[in-house]
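Heads up: the structure comes next, in structure tokens.
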Amino acid sequence: MVRSRLPLLRRISQILFLLLFLVLLVLTSLRSASGASNQAGLRAPVRLYFLLDPLVAIANALASHALYRGLLWSLVILLPTLFFGRFFCGWICPLGTLQQFVGDMPSEAKRGKQRIESNRYKRWQTLKYAVLLAGLVAAIFGSMAIGWLDPFSLLVRSIGLAIFPALNYAAGAAIAPLEHSHVAAIQSAGQVIHAVLRATILDFRQAHFTQGLLPGLLFLLILAVGLRVTRFWCRAICPLGALLGAVSRWSILGLHKDAEKCNQCNRCLLHCQGGDDPVGGANWHKAECLMCMNCMDACPDHALSFRFFRNEKEVASPDLGRRRTVTGLAAGAAIVPLMHVGTALGKDRDGSLLRPPGALDESEFLSRCIRCGECMKVCPNNALQPTLTQAGIEGIWTPTLVPRIGYCEPSCVLCSTGCPTGAIWQITPKEKGWVNADAASPADAAHAGNSQPIRLGTAFYDRGRCLPWALATDCIVCEEWCPVSPKAIFLEEVQVTDSGGVAKTLKQPHVDPTRCVGCGACEYACPLQEHPAVYVTSIGESRSPSSQVLLSQK
């Protein structure tokens with residue numbers, strides 16, 4: 001029996017694109033940063049993959065009424081789909097490749113007749129089209145909630161914020177005993193292994209994300225379900241797959257079934273990835289086929305082949321049905337006002353919600369952010385963390401700066417470089433304005449014709465906890481860490497009397513709100529372990545004119 005080379009080529013393509021994705025994800029860290037004058041840059045951010053995602057481009061255009069730079073290229077993927085169907089899902093998508101790898105593992109739930117039956121077309125496969133409709137309608141109303149389910153966002157968020165940090169920790173824990181061994185040869189081997197891994201795979205610091213566990217568990221759950229139902233995510237939920245399936249109805253390449261040669265052996269169903277019914281005697285569901293070519297390769301009688309311009313009966317369009325269509329449209333229209341209920345009550349976000357430098361105004365930010373976690377992955381201080389409910393339901397897994405974990409580096413703009421949709425507008429260190437040595441203060445900068453620095457918020461003191469204020473104890477850590485020049489934290493020398501009646505001179509810190517940019521360095525460095533005596537709130541952030549601590553002096 002002569003077998004086609006197409007399945008082999010498809011496997012090679014899947015492996016190469018998966019490796020490319022993982023390499024880009026590994027490179028999206030400070031390890032790949034380059035540039036002069038302490039200006040960090042990324043040579044190969046993983047956002048390059050988002051340029052292949054037409055779902056992100058279309059949803060971004062609907063939600064923001066604009067198309068961010070580079071995203072137009074993703075629409076090119078739709079053109080070959082008109083010729084070859086859902087080839088992207090079967091040949092390129094890294095999440096699909098991972099699911100196929102897991103789905104090919106031996107499973108008691110998929111043996112013999114059970115395996116054949118599991119690969120037949122099921123009505124529940126139309127659920128993904130309802131998900132797509134709901135996501136696009138929500139985008140029309142200004143919400144990028146579909147980013148929760150976009151396959152590339154899901155992969156970057158899950159692997160970048162959960163899987164990679166876990167592997168980084170596991171590798172470090174495994175190598176540590178070797179490096180601390182009393183045997184010189186073992187110690188040297190451990191050091192060499194650590195150096196090689198640090199230069200290639202391991203991150204330069206052990207990152208941790210407060211909400212990283214949930215995305216990681218959801219990702220593992222998706223893979224685990226694949227043990228029972230082949231490519232469950234691709235078949236039932238993936239909105240990108242639904243979009244490509246809808247476009248593929250016009251594709252000119254399709255499956256040809258030779259009824260005279262077919263002996264109903266059902267071997268074509270053993271390895272079908274899409275659940276599209278390639279078996280003889282059944283209608284072929286064109287929108288579900290992932291072009292894996294397994295059915296053609298498995299047929300012992302060569303009764304199956306892919307041809308252009310076929311004239312056969314098939315189910316070309318997704319059989320969604322009126323009820324699910326209405327349900328998808330209604331869900332998309334209802335989800336946005338439901339998520340904004342917290343906004344109406346004033347409980348959608350708290351004052352500690354600090355967005356990255358360059359982030360758009362909150363409503364525009366949420367209409368562009370796809371919750372991919374790319375900005376969090378690149379942050380060198382691990383300062384950006386995924387939110388849970390701080391920004392309301394709509395803001396789940398969007399980035400927030402958490403100063404107690406890390407602070408924003410004055411010259412760093414990696415988060416804006418990595419953002420694929422413009423939720424964080426791309427800025428330069430000069431535009432950020434935190435390292436501008438030509439101006440001594442915002443007033444001087446304005447006088448010189450320069451723009452104001454980008455402010456994330458303003459620092460405040462809890463004098464009941466601050467050591468110099470509450471306990472008459474020397475401490476100037478916050479002032480020493482303040483990176484602004486001139487410093488936003490200044491010290492006032494005062495005379496105090498301790499409990500023994502002894503007079504002493506202390507330096508009590510104050511914040512100059514005209515200089516504070518809300519970087520969080522003072523809160524990060526505060527020596528109080530439980531609740532810091534200095535904390536940063538979003539008051540005074542540049543992106544919100546209504547959230548200012550000072551009145552304009554015009």
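The analysis underlying the following values was restricted to heavy atoms, covering all of them including side chains, and did not include hydrogens, waters or symmetry mates.
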| request: Please confirm whether the backbone N or O of G254 pairs with a side-chain atom of K286, one donor and one acceptor, at under 3.5 Å? | output: no
| field | Any donor-acceptor N or O pair under 3.5 Å, side chains T387, T398 | value | yes
| message | What I want to find out is whether K128 reaches E288 closely enough, with some N-O distance under 4.0 Å, to be called a salt bridge. | response | yes
| query | Just by distance, do the side chain of T230 and the backbone of G226 share a donor-acceptor pair under 3.5 Å? | reply | no
| query | Has R371 got its NZ or CZ under 6.0 Å from the middle of the six-membered ring of W148, at an angle within 45 degrees of the ring axis? | reply | yes
| task | Look only at the side chain of S13 and the backbone of L9, and say whether a donor-acceptor pair between them is shorter than 3.5 Å. | result | no
| query | Just by modelled atom types, is the R120 backbone N or O under 3.5 Å from a matching donor or acceptor in the K122 side chain? | reply | yes
| task | Answer yes if the side chains of D301 and N263 hold a donor-acceptor pair under 3.5 Å, and no otherwise. | result | yes
| Should the heavy atoms of other residues, nucleotides or ligands under 6.0 Å from CZ of R404 be counted, would the total exceed 12? | yes
| Under 3.5 Å, is there a donor-acceptor pair between the Q211 and Q385 side chains? | no
| Between F219 and W233, is the ring centre distance below 6.0 Å? | no
| Yes or no on side chain to side chain contact (heavy atoms under 4.5 Å, CB included) for Y121 and T126, after CA distance, side-chain angles and deciding distance? | CA-CA 10 Å; Y121 174 77; T126 60; 3.3 Å; yes
| Looking at R11, M293, M291, which hits side-chain contact (heavy atoms from CB on, under 4.5 Å) with L6? | M293
